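Structure first, commentary second.
Nothing here was measured: the structure is a model prediction, and the numbers come from that model.
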Amino acid sequence: TYEVIPDRDLVPRFDDVADNYQNIRCNAPLNDFIGCHDFTRALCEIATTCGSANRPVLCTCHQDYGHPKPLAMPGTTVTFEEACPAKDELNGAK
């Protein structure tokens with residue numbers, strides 16, 4: 001078993017931690033007590049910090065969690081805005 005433990009995640013403080021674990025940063029607001037226990041936020045932190053090995057990074061990493069926009073994949077001309085439309089565009093808002 002291997003665990004990823006975001007800093008300020010309260011759950012590991014009350015649970016057993018595996019012998020193999022990695023601490024990561026959490027960029028949730030300080031007043032968001034459960035935000036650091038969010039799987040997608042942790043996945044975004046790992047992809048942003050460690051890289052994605054030329055796999056696309058989730059749009060939500062930038063849009064919802066404030067990570068930098070990912071660089072374009074080699075050999076493509078698609079911009080972030082084209083690949084990741086704003087949520088209001090997806091919902092039909094103008």
Side-chain angles (χ1 to χ4, degrees):
T1 302
Y2 190 86
E3 291 183 45
V4 173
I5 302 175
D7 58 342
R8 298 190 347 256
D9 184 354
L10 298 176
V11 174
R13 295 175 192 217
F14 300 101
D15 198 3
D16 292 331
V17 176
D19 290 337
N20 296 311
Y21 66 92
Q22 178 63 51
N23 292 312
I24 63 171
R25 290 183 301 226
C26 176
N27 67 351
L30 293 175
N31 63 350
D32 184 355
F33 297 106
I34 197 68
C36 291
H37 194 67
D38 183 289
F39 172 78
T40 305
R41 185 185 299 275
L43 180 63
C44 290
E45 180 62 33
I46 292 168
T48 302
T49 303
C50 301
S52 62
N54 289 329
R55 293 180 187 94
V57 174
L58 299 174
C59 298
T60 194
C61 293
H62 172 70
Q63 293 171 334
D64 296 335
Y65 300 115
H67 290 280
K69 291 179 185 178
L71 300 174
M73 301 285 292
T76 65
T77 58
V78 177
T79 66
F80 177 83
E81 289 72 17
E82 292 168 332
C84 298
K87 289 183 179 183
D88 58 347
E89 291 177 29
L90 293 175
N91 295 328
K94 294 182 182 188

For Phe80 against Cys59, the heavy-atom pair lying closest together:
CZ-O, 4.2 Å

For Val17 and Ile5 the tightest heavy-atom approach is CG1-CD1, 3.5 Å

Rounded to the nearest 0.5 Å, what separation is found between the CD atom of Glu45 and the CD1 atom of Ile24?
5.5 Å

What pair of heavy atoms forms the shortest contact from Pro6 to Cys26, and how long is it?
CB-CB, 4.1 Å

Given Arg41, which of Thr60, Asp64, Ile46, Asn27 fulfils the side-chain contact (heavy atoms from CB on, under 4.5 Å) condition?
Asn27

Look up atom SG in Cys36 and atom CG in Leu10, then write down how far apart they are to the nearest 0.5 Å.
8.0 Å

Kindly compute the distance separating CD (Gln63) from NZ (Lys69), expressed to the nearest 0.5 Å.
9.5 Å

How many angstroms lie between atom CG of Asp32 and atom CG of Asp38, to the nearest 0.5 angstrom?
8.5 Å

From Arg8 CZ over to Arg25 CZ, what is the distance, rounded to the nearest 0.5 angstrom?
12.0 Å

Around atom NE2 of His62, are there more than 12 heavy atoms from other residues, nucleotides or ligands closer than 6.0 Å?
yes

Leu58 and Phe39: same hydrophobic cluster, using ILVMFWY side-chain contacts below 4.5 Å?
yes

Rounded to the nearest 0.5 angstrom, the CD-CG distance for Glu3 and Asn23 is 10.5 Å

